[in-house]
Amino acid sequence: MKTSINDPFFGRYKELVRTRMIPYQWKVLNDDIDIKIEKERNDASIPSEKSHAIENFKIAAGRTKGEHYGWVFQDSDVYKWLEAAAYTLKDHRDDDLKKITDEVVDLIADAQEKSGYLNTYFTIMEPDHKYKRLGESHELYCAGHFIEAAVAYHQVTGSKKALDIAVKLADHIDAVFGPEDGMIHGCDGHEEVEIGLMRLYHLTGEKRYLKLSEYFLLQRGQDPDFFKRQFREDTGKPAIGGLYNAPLTYFQIHAPILEQDTAEGHAVRLVYMCTALADVAASTGNKDLEAVCRRIWRNIVDKRMYITGGIGSTVNGESFTLDYDLPNDTMYCETCASIGLIFFARQMLRLGADGEFGDVMERALYNTALSGMALDGRHFFYVNPLEVVPEKSEKDPTKSHVKIVRPDWLGCACCPPNLARLLASVEDYIYTDRGDSVLVNLFIRSEMEKEYEDGTLTVTVDADYPRDGKISFAIKNTGKKPAKVGIRIPGWSEDTQAEVNGEKTDIISVQGYWYIEAGSGEMNVTLKLDMTPRRWYANPLVSEDVGKVSVARGPQVFCAEGVDNGDNLHLLMLPKSAALNYSRDEELLEGVGVIEADGVRRKLPANSGLYRKADETATEPAKIKMIPYYAWANRGRNEMRVWLYEKE
Ligand code: FUB
Ligand code: ZN
């Protein structure tokens with residue numbers, strides 16, 4: 001299946017990745033730009049003086065001398081950047097960038113040890129402690145990111161060198177880890193290598209990589225004391241303070257993976273684990289693994305996901321907490337976690353054609369993932385709140401992780417290059433090839449081509465989405481056998497209209513997809529999604545959202561900002577009956593939809609005392625103006641709120 005895009009909305013993002021993110025991040029990784037690197041929360045131990053990521057490789061490669069600097073997983077910033085650059089090169093020939101990326105691959109090759117081992121921290125700082133503190137070491141996590149980058153780079157450029165490093169690394173890991181005597185019976189504290197190994201398996205067809213990925217997954221929870229035992233026994237110095245004491249749930253090792261039912265622990269780890277699990281399940285047909293994916297998926301979507309597609313309710317361990325615990329102002333909602341949820345949804349679509357997977361993918365993509373970056377492509381959120389009062393972030397230590405505006409860069413820079421690689425490859429999420437059918441999951445102007453039986457199936461999507469809900473599909477089948485194209489009918493669209501070859505048609509949706517039989521020749525399908533702005537309410541068990549309402553149009557959740565509505569957004573109320581008026585403002589925030597409503601604002605009482613016997617509920621009219629959530633915090637220091645109080 002070949003896919004290309006030419007989309008007004010994501011086209012801008014892809015250009016931003018190519019022209020801004022890639023060059024900017026390259027400079028940051030080389031410490032070649034004067035920026036302020038912020039700690040992601042108040043914690044003196046966070047390394048935030050510089051990135052040093054490329055320098056670490058130079059030292060490990062023996063090209064320069066010095067010490068490793070940064071997080072123990074700093075290498076992964078380079079790998080994710082390389083992967084993003086690879087996707088960019090697929091769209092655009094760029095000899096200068098290709099020269100840089102080839103040199104990066106050379107540098108990584110030089111940093112790789114003869115055995116195949118690759119990790120600058122341990123090569124430089126603790127060569128005798130490799131794989132001895134897997135709970136914190138991120139050695140396999142980094143390996144997974146390199147393998148992902150190498151597969152992408154090889155696929156785009158044909159680079160044999162990148163692939164050779166990856167194969168050597170994977171073979172080395174395969175020789176060290178496994179159930180046999182004399183091998184390490186363990187896994188990494190942070191899932192990721194499982195994803196990389198599956199990508200290498202898909203590229204090479206080498207079953208050992210699939211087996212190893214499956215081994216690491218099934219190893220989770222088999223020996224719950226493994227990480228702590230390693231910590232106790234190793235004489236090296238801990239690289240990440242506090243991980244020693246992390247609960248078993250943090251690493252998803254509290255129970256054997258086949259017995260896990262709920263989304264527990266560190267959110268990015270959990271969704272990376274599920275991504276690999278769903279991939280292995282889809283690739284092997286293992287129903288037990290599939291059942292775990294489905295159970296954890298249900299738990300996330302029904303009880304632990306924000307309306308913005310954010311996940312992770314607490315800064316403590318960057319983790320899930322409990323069902324319906326979705327605080328709006330102390331949450332985590334890490335950008336990487338929503339990116340991981342998108343990865344997970346994509347793999348779930350291989351396990352079953354269920355529109356909910358597409359709905360969640362779209363929710364996370366258009367809201368929290370995009371909110372992770374400023375419109376200029378050079379500032380990034382790690383944490384994506386649903387409610388911000390700047391002074392509280394500045395003065396309340398429990399909210400130090402809730403940034404008010406996106407920093408230039410972060411001490412822990414996992415999110416910016418992760419977002420770059422997602423956006424640079426967004427076309428890979430639009431379609432799912434299910435063998436007997438092709439699903440269209442996202443409404444992005446694009447073209448998909450697939451060799452099909454005795455001909456070619458082409459689907460061309462024309463859309464200006466999410467600005468407009470009209471989507472046209474030109475389906476061409478040059479073969480004789482009819483092809484099946486499943487178009488996602490979003491759960492949020494209340495009144496969806498359709499035409500086939502100009503004739504109004506009823507939509508028969510099977511689990512959220514409408515299947516079109518495309519015989520030999522060409523046909524045109526038009527979908528009109530209901531883009532009416534709508535109110536959304538949370539399950540009343542979400543205590544934080546009781547009495548509150550949020551507003552969305554299509555896939556986009558909207559929010560109110562202080563710059564449009566004044567401070568003290570908690571005094572603002574959206575009446576149940578107020579019309580939600582939508583318009584476009586091309587001058588605002590690079591062109592956004594705006595929703596306005598006649599609201600009210602609680603008046604402040606004349607007596608400024610803190611407590612009173614009678615509630616003074618006097619209100620005054622107030623115009624409410626809302627913008628898409630992803631675009632918030634692009635106009636300076638500012639209050640923001642997704643959930644507004646509702647007035648009867
Ligand atoms: O541990 C590596 C990355 O750093 C995680 O994925 C993020 O959540 C951050 O903790
Ligand atoms: Zn991140």
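Just so it is clear, the structure is predicted and the values come from calculations on it, not from any experiment.
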Going by atom types only, do [X] and [Y] share a side-chain donor-acceptor pair under 3.5 Å?
X	Y	answer
Asn539	Asp302	no
Trp297	Glu356	yes
Tyr153	Thr101	yes
Ser283	Arg350	yes
Ser137	Glu139	yes
Asp43	Ser45	yes
Thr432	Asn441	yes
Tyr382	Glu318	yes
His129	Asp234	yes
His138	Asn119	no

Whether the side chain of Lys228 engages the backbone of Pro224 through a donor-acceptor N/O pair (distance < 3.5 Å, no angle test) should be reported. no

Main-chain N/O of Phe73 paired to Ser76 side chain as donor or acceptor, under 3.5 Å: yes

With a 6.0 Å cut-off (strictly less than), is the heavy-atom count around CG of Asp106, excluding the residue itself, greater than 12? yes

Atom NZ of residue position Lys168 - does it have more than 12 heavy atoms of other residues, nucleotides or ligands inside 6.0 Å? yes

Point-to-point distance, once rounded to the nearest 0.5 Å, from CG of Leu248 to CZ of Arg220: 11.0 Å

For Lys39 and Ser48, the nearest pair of non-hydrogen atoms, with its separation, is NZ-OG, 3.2 Å

Ile300 and Ala263 have their tightest heavy-atom pair at CG1-CB, 3.6 Å

Does the pair [X]/[Y] count as a salt bridge with the N-to-O cut at 4.0 Å?
X	Y	result
Glu83	Lys80	no
Lys90	Glu427	yes
Arg269	Glu192	no

Evaluation steps, side-chain hydrogen bond (donor to acceptor under 3.5 Å, both in side chains), between Asn384 and Asn367: CA-CA 10 Å; Asn384 295 277; Asn367 297 290; over 6 Å; no

Could you check if a side-chain atom of Glu214 sits within less than 4.5 angstrom of a side-chain atom of Asn286, using non-hydrogen atoms only? yes

Aromatic ring proximity, centroids under 6.0 angstrom, Phe57 and Tyr79: yes

Test applied, ring pair (Phe, Tyr, Trp, His ring centres under 6.0 Å); reference residue, Phe216; option that passes from Tyr209, Tyr272, Phe177, Tyr141: Phe177

Over-ring placement of Lys207 relative to Tyr201, 6.0 Å and 45° cut-offs: no

Does the ring of Tyr117 carry Lys130 above it, NZ/CZ under 6.0 angstrom from centre and within 45° of its axis? yes

Using the side chain to side chain contact (heavy atoms under 4.5 Å, CB included) rule, pick out the option among Met373, Glu334, Glu40 that qualifies with Cys415. Glu334

